[in-house]
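These notes are about the structure you will find just below.
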2 protein chains.
Amino acid sequence: MLDRDTGLDIAARLFWERGYEGTSTADLTKAMGINPPTLYSTFGSKEELYRQALDFSIARESGCRGEILASALPAYEALGRYLYNIADGDTQPDKPAGCMVSTAVLQHAEENASVARMTAALREASMQVLKARFDRAVSEGELPAGTDTDTLARFYGAIIQGMSAQACDGACNALLKRLIDVALTAWPGKRTTVTGSLD
Amino acid sequence: MLDRDTGLDIAARLFWERGYEGTSTADLTKAMGINPPTLYSTFGSKEELYRQALDFSIARESGCRGEILASALPAYEALGRYLYNIADGDTQPDKPAGCMVSTAVLQHAEENASVARMTAALREASMQVLKARFDRAVSEGELPAGTDTDTLARFYGAIIQGMSAQACDGACNALLKRLIDVALTAWPGKRTTVTGSLD
DNA sequence: CAATTAAAATAGTGATCGCTATATTAAGGG
DNA sequence: CCCTTAATATAGCGATCACTATTTTAATTG
């Protein structure tokens with residue numbers, strides 16, 4: 001059989017493109033070049049393979065994003081770079097469009113509820129990372145005391161999810177970044193990017 | 001057999017909750033209380049039924065939203081009411097969470113590409129409606145001349161898609177509206193909602 | 001080389017997929 | 001009432017679903 005990480009790479013790509021429900025075990029075994037029993041002895045089940053493929057893909061595709069937020073950059077700068085990095089991830093030339101996690105398993109059959117909870121938890125964790133960075137910004141005086149960092153994190157989380165959806169629909173990298181530039185004007189204390197008189 | 005609109009109502013609800021790929025024809029016939037041949041003689045196919053269910057549901061769930069934008073309200077006011085209306089639609093107590101269109105069929109099997117194009121076209125049309133309102137705002141002097149109305153429409157489109165995703169994950173109405181309030185601060189010419197000194 | 005163990009392929013499990021041919025029932029007209 | 005027509009229900013089409021029992025191959029041992 002092929003290398004385990006190679007198998008996860010192939011599986012992740014299929015799940016990324018077609019989603020959990022849109023990918024069959026026959027698709028997976030065929031793409032991996034293995035037989036069904038090998039898939040089940042190696043990965044356990046379709047759901048367990050999805051879980052492992054998510055972990056694998058997150059580590060490779062967005063593993064470095066945490067460092068952007070953890071860096072010494074000012075919060076606003078870090079956020080901008082973070083979002084631009086996601087936009088790049090959503091529009092990689094030789095990879096499926098959008099994010100594998102942001103817009104995955106939103107609508108689903110009842111039997112896949114546990115898979116949906118899994119992706120929802122990943123999204124929630126991602127927003128908590130953003131919130132933690134914003135909390136730090138408050139404590140460091142970069143954001144006003146009393147800022148609703150939870151809402152701010154969910155706002156930029158919505159932008160991330162919207163970017164993934166639009167990337168799935170064919171949006172290009174430049175479009176997503178223009179969109180980010182608008183979103184960044186909502187940063188507390190920033191003026192809008194549109195030049196001209198403010199009323 | 002049951003009334004045609006009643007059938008579409010039941011089908012729309014199932015598709016809304018489970019998505020296109022997560023809903024089987026057996027689910028549909030059982031919920032409608034009809035036999036498979038009746039479904040096919042009445043609606044043609046699963047895909048055609050989905051199309052009709054989308055039309056039916058859009059007309060009923062969001063038919064009045066166009067009027068908000070078409071009204072004489074200032075663009076910023078209209079946008080706020082429009083988004084709040086969507087947030088209400090995303091969190092109706094006795095209906096599936098999220099929007100039936102905004103986050104539908106993003107990832108999909110190859111065989112369902114035509115269904116994905118259908119929902120993508122609906123999303124694109126929805127953003128064009130927003131853009132048209134923003135263009136009107138420019139012509140009426142509510143937005144600065146030269147405003148990138150297309151990007152602004154896609155920005156609020158991303159918010160709409162992000163709200164649907166978060167509603168699917170269990171977000172409540174109030175959370176979505178706080179999120180909208182942040183998004184509205186990106187309106188060109190508006191200051192941020194957070195009080196305090198601007199640098 | 002023969003025996004044992006481990007890996008892999010074949011073949012197939014019952015269930016369900018979208019969809020339809022055929023049979024049954026019900027309704028209308030003489 | 002009988003005959004025709006239309007609507008409905010039953011049953012089942014081939015294909016595919018996630019998943020495995022069994023067999024075959026290959027590698028490792030004495």
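Side-chain atoms are counted along with the backbone in the values below, which use heavy atoms only and exclude waters and symmetry mates. Every chain is numbered from 1 and lettered A, B, ... according to where its sequence line falls, protein lines coming before strand lines.
The separation between A:Ile34 atom CD1 and D:dC19 atom C1' is 13 Å, rounded to whole Å. Atoms CD (B:Glu110) and P (D:dT16) sit 13 Å apart, rounded to a whole Å. D:dA18 atom C1' lies 18 Å from atom NZ of A:Lys30, rounded to whole Å. Counting to the nearest Å, the C1' atom of C:dC19 and the CD atom of B:Glu47 are 14 Å from each other. Distance CG (A:Leu39) to C1' (D:dA18): 10 Å, rounded to an integer number of Å. One can place NZ of A:Lys46 at 15 Å from P of C:dT16, the figure rounded to the nearest angstrom.
Contacts of B:Ala31 classified as side chain to side chain contact (heavy atoms under 4.5 Å, CB included), with partners at least two apart in sequence or in another chain: B:Ile10, B:Leu14. Under the rule for a side chain to side chain contact (heavy atoms under 4.5 Å, CB included), the partners of A:Glu124 that lie at least two apart in sequence or sit in another chain are A:Met127, A:Gln128, A:Arg154. A search for side chain to side chain contact (heavy atoms under 4.5 Å, CB included) contacts involving B:Asp94 returns nothing, not counting sequence neighbours. Taking B:Ala174 as the reference, B:Cys172, B:Arg178 meet the side chain to side chain contact (heavy atoms under 4.5 Å, CB included) condition, with sequence neighbours excluded.
The side chain of A:Tyr40 places an N or O atom within less than 4.0 Å of a non-bridging phosphate oxygen (OP1 or OP2) of D:dC19.
A ring-ring contact (aromatic ring centres under 6.0 Å, His included) check over residues 155-175 of chain B, counting only residues at least two apart or in different chains, returns nothing. Screening residues 60-79 of chain B for side-chain hydrogen bond (donor to acceptor under 3.5 Å, both in side chains) gives B:Asp9-B:Arg60, B:Glu61-B:Gln92, B:Glu61-B:Lys95, B:Arg65-B:Asn85 as the qualifying pairs, with residues at least two apart or on separate chains. Pairs of residues two or more places apart, or lying in two chains, that qualify as ring-ring contact (aromatic ring centres under 6.0 Å, His included) and include a residue from residues 105-143 of chain A are A:Phe134-A:Trp187.
Relative to the six-membered ring of B:Phe15, B:Lys46 misses at least one condition, a distance below 6.0 Å or an angle of at most 45° to the axis.
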Considering only nitrogen or oxygen atoms on both sides, find all protein atoms under 3.5 Å from nucleotides 21-27 of chain C and state each distance.
none

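Contacts between residues 9-29 of chain B and DNA chain C, defined by a heavy-atom separation under 4.0 Å, are made by B:Thr23, B:Ser24, B:Thr25, B:Ala26.
Comparing B:Glu111 and B:Gly33 by the nucleotide of DNA chain D whose heavy atom lies nearest to each, the residue mapping closer to the 5' end is B:Gly33.
For the atom pair CG (B:Leu184) and CG (B:Leu83), the distance works out to 6.0 Å, reported to the nearest 0.5 Å.
When each of D:dC19, C:dA9, D:dT8 is scored by its nearest atom to the side-chain atoms of B:Asn35, the top-ranked nucleotide is D:dT8.
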For residues 113-120 of chain A, please give each side-chain donor-acceptor pair under 3.5 Å, one per line with the distance, not counting sequence neighbours.
from	atom 1	to	atom 2	distance (Å)
A:Ser114	OG	A:Glu47	OE1	3.3
A:Ser114	OG	A:Glu47	OE2	2.9
A:Thr119	OG1	A:Ala104	O	3.4
A:Thr119	OG1	A:Ala116	O	3.0
A:Thr119	OG1	A:Arg123	NH2	3.4

Taking distance alone, no hydrogens or angles, what donor-acceptor pairs closer than 3.5 Å link side-chain atoms of residues 158-165 of chain B to residues at least two apart or in another chain?
from	atom 1	to	atom 2	distance (Å)
B:Gln161	OE1	A:Gln166	NE2	3.4
B:Ser164	OG	B:Cys99	N	2.9
B:Ser164	OG	B:Thr103	OG1	2.9

- Query: Using Watson-Crick and G-U wobble pairs whose two distances are both under 3.5 Å, how do you write the pairing of DNA chain C as dot-bracket, with | for links to another strand?
  - Reply: |.||||||||||||||||||||||||||||
